[in-house]
Number of protein chains: 2
Amino acid sequence: MTKMSDPTGRGAKRAGIRDVARLAGVAPMTVSRALSFPHLVSAETREKVAAAIAATGYIPNRVASSLSSNQTMTIGAVIPTLRNSIAADFAEGFNQVLRARGYHLLLGNSEFVPEDEEAIVVEFLSRRVDGIYLTGSTHTERTRKLLRDNAVPTVEIASLPEDPIDLAVGFSNFGAAYAVTKMFAEQGYRKVALFTTFTKDNERQVERQAGYHAAVHEFGLDDDPEGLVAELEMDLKAAARQLRLLLERRPDVEALFCTGDFIAAGALFEAQRLGLTVPQDLAIAGFEGLEIAENLNPSLTTVRIPRYEIGRKAGEMLLDRIARRPVETPVVDLGFEIIRRESTAATAGQPKVRAEAGERPAGTGG
Amino acid sequence: MTKMSDPTGRGAKRAGIRDVARLAGVAPMTVSRALSFPHLVSAETREKVAAAIAATGYIPNRVASSLSSNQTMTIGAVIPTLRNSIAADFAEGFNQVLRARGYHLLLGNSEFVPEDEEAIVVEFLSRRVDGIYLTGSTHTERTRKLLRDNAVPTVEIASLPEDPIDLAVGFSNFGAAYAVTKMFAEQGYRKVALFTTFTKDNERQVERQAGYHAAVHEFGLDDDPEGLVAELEMDLKAAARQLRLLLERRPDVEALFCTGDFIAAGALFEAQRLGLTVPQDLAIAGFEGLEIAENLNPSLTTVRIPRYEIGRKAGEMLLDRIARRPVETPVVDLGFEIIRRESTAATAGQPKVRAEAGERPAGTGG
DNA sequence: CTGTCGAATGGTACCGGTACCATTACCCAA
DNA sequence: TTGGGTAATGGTACCGGTACCATTCGACAG
């Protein structure tokens with residue numbers, strides 16, 4: 001209880017390593033060692049140091065430590081927004097790995113604007129983070145150059161970039177969208193619509209559209225980008241509105257693929273309000289594999305993404321790189337899985353299927 | 001283009017402020033000033049410095065800056081988990097305010113374990129964050145003592161603690177739960193069930209249970225804690241299971257209040273699968289005011305929490321405190337609002353109401 | 001008995017900024 | 001002419017750790 005309660009409000013100078021050393025009767029270096037490399041210090045000394053630390057209420061200053069040792073034990077993470085549950089899941093898995101190894105996350109929100117991301121990256125470099133986590137692979141040229149020139153370990157999440165800045169972990173957005181569209185085609189659907197979120201500066205959505213179009217062409221589906229495809233915000237209400245517009249443009253639409261489970265849910269709810277039966281009148285598939293998908297009535301066919309695994313793998317790879325351990329593959333594909341549920345019939349016109357079995361296509365079509 | 005590409009992989013020593021100063025023909029102090037207080041430097045000098053910075057690719061080292069100036073421009077935030085969308089929304093609003101003023105967020109996940117929170121707080125203190133953001137008001141004694149003794153500006157989010165560590169922004173969890181239960185009572189419901197998430201180390205849920213019980217007693221509702229109340233994880237499937245159990249225990253239950261919209265959604269879906277009509281057979285109300293609530297069929301009565309506002313207000317108050325500006329009220333109540341929708345009838349037994357009007361009870365019942 | 005080695009500890013400089021104070025030049029009022 | 005004031009800049013020490021090297025000492029081999 002040597003601590004003082006600071007009546008001045010100014011903060012009575014905190015104890016430093018030299019104070020602890022004095023009290024323990026050793027050199028500051030020994031205190032530092034006792035904390036960082038206890039095995040290099042005799043048990044006796046360690047105890048004296050521990051006692052002095054307890055007595056002074058000493059809290060090591062990692063800012064000074066970082067400056068001196070040139071490592072901050074901090075990773076800078078750029079995440080478009082925490083509202084996006086899939087991005088939050090990636091980050092959660094990533095953070096778990098970091099924390100276990102003493103690293104902490106410095107957070108920045110880009111709101112999907114590459115220029116904002118760049119500013120955040122500069123800030124991170126300024127803070128000398130040991131590594132950087134980026135969402136997606138859409139970045140400004142300067143962001144790439146900055147990271148490469150400064151040789152900062154970097155991992156890009158969610159996509160499989162052709163030309164990664166450094167490391168990347170994700171799945172094939174193209175392949176997943178292609179696979180879903182193909183599934184519809186094989187079930188006999190010809191008029192398959194697509195709802196994606198905005199594709200501006202979001203290569204994941206671009207890839208998904210591309211996968212859809214590839215399958216549309218390959219399987220000779222109704223190819224009507226104006227009528228069957230729409231971009232909208234990730235928002236249930238927007239999905240409802242777009243569904244009404246879609247039905248006006250193409251009342252004959254048979255199936256709808258949404259690149260987000262919440263969009264799919266919004267469309268499903270609106271379809272039901274309009275008196276349509278899913279999947280008989282309209283089949284619907286989602287994307288992401290959120291928990292809600294399997295609980296809807298009817299349960300929602302979706303694409304399961306290994307969200308935590310991607311985050312965790314990214315963490316491990318990044319820490320390997322930081323420790324200068326060899327990294328086998330810089331770009332890792334963790335695949336995806338189509339979960340067929342009630343919202344899509346096994347065959348167009350033959351509804352009421354209850355298959356829950358997963359199908360695992362090669363997640364490498366990107 | 002003076003930058004070198006670092007063929008050794010070791011990182012050719014980065015340019016420091018002294019290098020920039022030499023190149024610009026000024027003192028290091030002048031470079032520092034040109035960056036931090038440009039108005040104290042002549043335009044001519046500023047240009048020379050800018051040129052030298054561009055030429056060297058200099059990126060200021062904020063670690064050194066922090067050590068010297070004793071401020072890190074960093075706030076440590078403890079958030080139970082990012083998966084929790086309401087906590088993520090608080091953090092998002094908070095972060096917006098911070099970023100605008102040059103602060104960044106250092107993130108820690110406590111997973112609802114106070115001891116883990118304590119460890120994170122120690123780590124934050126070690127990193128000399130300028131302020132701390134905590135979720136809820138359940139903390140270990142040592143956490144409180146540490147923060148107070150070190151006089152670290154701190155804001156607690158989501159609750160209205162009797163004895164705040166420093167600052168707090170939230171709403172009355174007790175009051176909101178009381179108000180919903182009262183609403184049911186006034187509509188004539190007598191058998192009102194409650195689903196909350198686990199109350200262990202989560203005073204928000206404890207408060208909500210307390211508010212429910214207070215109303216149950218006050219309005220003479222069926223008081224059956226064993227039969228009508230359940231704790232479960234925040235999970236749609238768990239909600240479905242608990243609904244089945246509830247209906248076994250109390251087939252006569254008339255209404256269900258869930259302290260989370262996802263729990264309410266899970267219960268609603270399961271009720272529909274079981275062939276019940278909501279609200280005729282069972283009325284359901286949620287909590288949080290998530291987007292999904294208003295899109296469900298039937299749309300969900302819920303309690304809207306001003307999530308972003310709480311986050312933003314917390315950011316503003318914390319920054320005020322850091323800047324030693326006076327703070328009028330340390331504990332701020334931002335209230336709540338009950339949104340009545342289709343999932344609860346206007347009167348028990350008289351369903352099919354479509355009121356969307358909000359009701360604003362005093363958010364001060366805690 | 002001397003040399004070598006490992007374990008434990010200490011001394012010193014340095015990481016890269018900034019706080020603080022000094023200095024210089026110049027203008028204006030008294 | 002002199003003193004006071006402001007604008008612009010510089011010098012130096014210091015923030016609080018750690019890297020690096022030196023030192024001491026006892027054990028043990030030759």
Side-chain angles (χ1 to χ4, degrees), chain A residues 10-49 52-53 56-74 102 123 125-130 150, chain B residues 10-49 52-53 56-74 102 123 125-130 150:
Chain A
R10 282 246 95 73
K13 196 167 150 45
R14 249 188 267 245
I17 204 169
R18 287 168 176 87
D19 303 299
V20 175
R22 200 173 311 122
L23 212 155
V26 300
M29 250 332 286
T30 302
V31 175
S32 174
R33 265 194 214 103
L35 290 171
S36 306
F37 310 96
H39 62 282
L40 293 181
V41 173
S42 72
E44 191 193 8
T45 305
R46 245 181 285 150
E47 272 167 42
K48 282 191 298 187
V49 170
I53 287 177
T56 52
Y58 170 66
I59 300 179
N61 185 330
R62 262 189 221 301
V63 177
S65 168
S66 294
L67 178 60
S68 175
S69 68
N70 206 31
Q71 45 165 357
T72 53
M73 300 301 282
T74 302
E123 175 67 25
L125 292 180
S126 195
R127 286 162 180 261
R128 299 297 190 263
V129 297
D130 294 335
N150 288 285
Chain B
R10 283 246 92 75
K13 198 170 148 46
R14 250 187 267 245
I17 205 170
R18 286 166 175 88
D19 303 301
V20 175
R22 200 173 313 123
L23 212 156
V26 300
M29 252 329 290
T30 302
V31 176
S32 174
R33 266 194 213 101
L35 290 171
S36 306
F37 309 97
H39 63 281
L40 293 179
V41 173
S42 71
E44 191 193 7
T45 304
R46 246 181 285 149
E47 271 168 42
K48 281 190 299 185
V49 170
I53 287 176
T56 53
Y58 170 66
I59 300 180
N61 185 332
R62 260 189 224 300
V63 178
S65 168
S66 294
L67 178 60
S68 174
S69 67
N70 207 32
Q71 44 165 356
T72 53
M73 301 301 281
T74 302
E123 175 69 25
L125 292 179
S126 195
R127 287 163 180 261
R128 299 296 190 263
V129 296
D130 294 336
N150 288 285

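All of these numbers come straight from a predicted model, not from anything done at the bench. In the text below, chain A, chain B and the rest are named by the order of the sequence lines, each starting its count at 1.
Of the charged side-chain nitrogens involved, none lies within less than 4.0 Å of a carboxylate oxygen, so that A:Lys48 and A:Glu44 do not count as a salt-bridged pair.
One interatomic measurement links the two molecules: CG of B:Leu40 to C1' of C:dT18, which rounds to 13 Å at whole-angstrom precision. Distance NE2 (B:His39) to P (D:dT9): 13 Å, rounded to an integer number of Å. Note: CE (B:Met29) to C1' (C:dA22) measures 13 Å, nearest angstrom. The interatomic distance linking B:Asn70 (CG) with D:dC14 (C1') rounds to 12 Å, in whole Å. The nearest whole Å value for the distance from the CG atom in B:Leu67 to the P atom in D:dA13 is 18 Å. The distance from atom CD1 of B:Ile17 to atom P of D:dG10 is 12 Å, rounded to the nearest whole Å. Rounded to a whole Å, the NZ atom of B:Lys48 is 13 Å from the P atom of D:dA8. Following rounding to the nearest Å, A:Gln71 (CD) and D:dA19 (P) show an atom-to-atom distance of 8 Å.
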Q) What do the steps show when you test B:Asn61 against A:Ser126 for side-chain contact (heavy atoms from CB on, under 4.5 Å), and what is the final call? A) CA-CA 5 Å; B:Asn61 185 332; A:Ser126 195; over 6 Å; no
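The side chain of A:Val41 lies closest to C:dT9, out of C:dT9, D:dA8, D:dG17. The side chain of A:Thr30 lies closest to C:dG10, out of C:dG10, D:dG16, D:dA19. The side chain of B:Asn61 has C:dG17 as its nearest neighbour among D:dT18, C:dG17, C:dT9.
A:Tyr58 pairs with exactly one of A:Leu35, A:Val49, A:Asp19 by the side chain to side chain contact (heavy atoms under 4.5 Å, CB included) rule, that one being A:Leu35.
Residue-to-nucleotide proximity on DNA chain D shows that, of A:Pro28 and B:Ser68, the 5′-proximal contact is made by B:Ser68. For the pair B:Ala27 and B:Ser69, nearest-nucleotide mapping onto DNA chain D gives the more 5' position to B:Ala27.
Counting non-hydrogen atoms under 4.0 angstrom, A:Ala64 reaches a base of the nucleic acid. Using a 4.0 Å heavy-atom criterion, one finds that B:Ser36 contacts the sugar-phosphate atoms exclusively. In this structure, B:Arg33 reaches the bases: a heavy-atom distance under 4.0 Å links it to at least one base atom across the strands shown. Nucleic acid contact for B:Ser66: none, since no nucleic acid atom lies under 4.0 Å from a heavy atom of the residue. Using a 4.0 Å heavy-atom criterion, one finds that A:Phe37 contacts no nucleic acid atom at all. B:Val63 comes within contact range of no nucleotide atom at all, as no heavy-atom separation falls under 4.0 Å.
In the displayed structure, B:Arg128 atom CZ is contacted under 6.0 Å by more than 12 heavy atoms of other residues, nucleotides or ligands.
OP1 or OP2 of D:dT9 has at least one side-chain nitrogen or oxygen of B:Ser42 nearer than 4.0 Å.
At a cut-off of 3.5 angstrom, the base of C:dG17 holds at least one donor-acceptor pair with the side chain of B:Arg18. In terms of polar N and O atoms assigned as donor or acceptor, the side chain of B:Ser65 never comes within less than 3.5 Å of the base of C:dG17 in a complementary pairing.
Taking all atoms of both residues into account, the shortest heavy-atom contact from A:Val129 to A:Thr72 is CA-OG1, 3.5 Å. The two residues B:Ala21 and B:Ala27 make their nearest non-hydrogen contact at CB-C, 3.7 Å.
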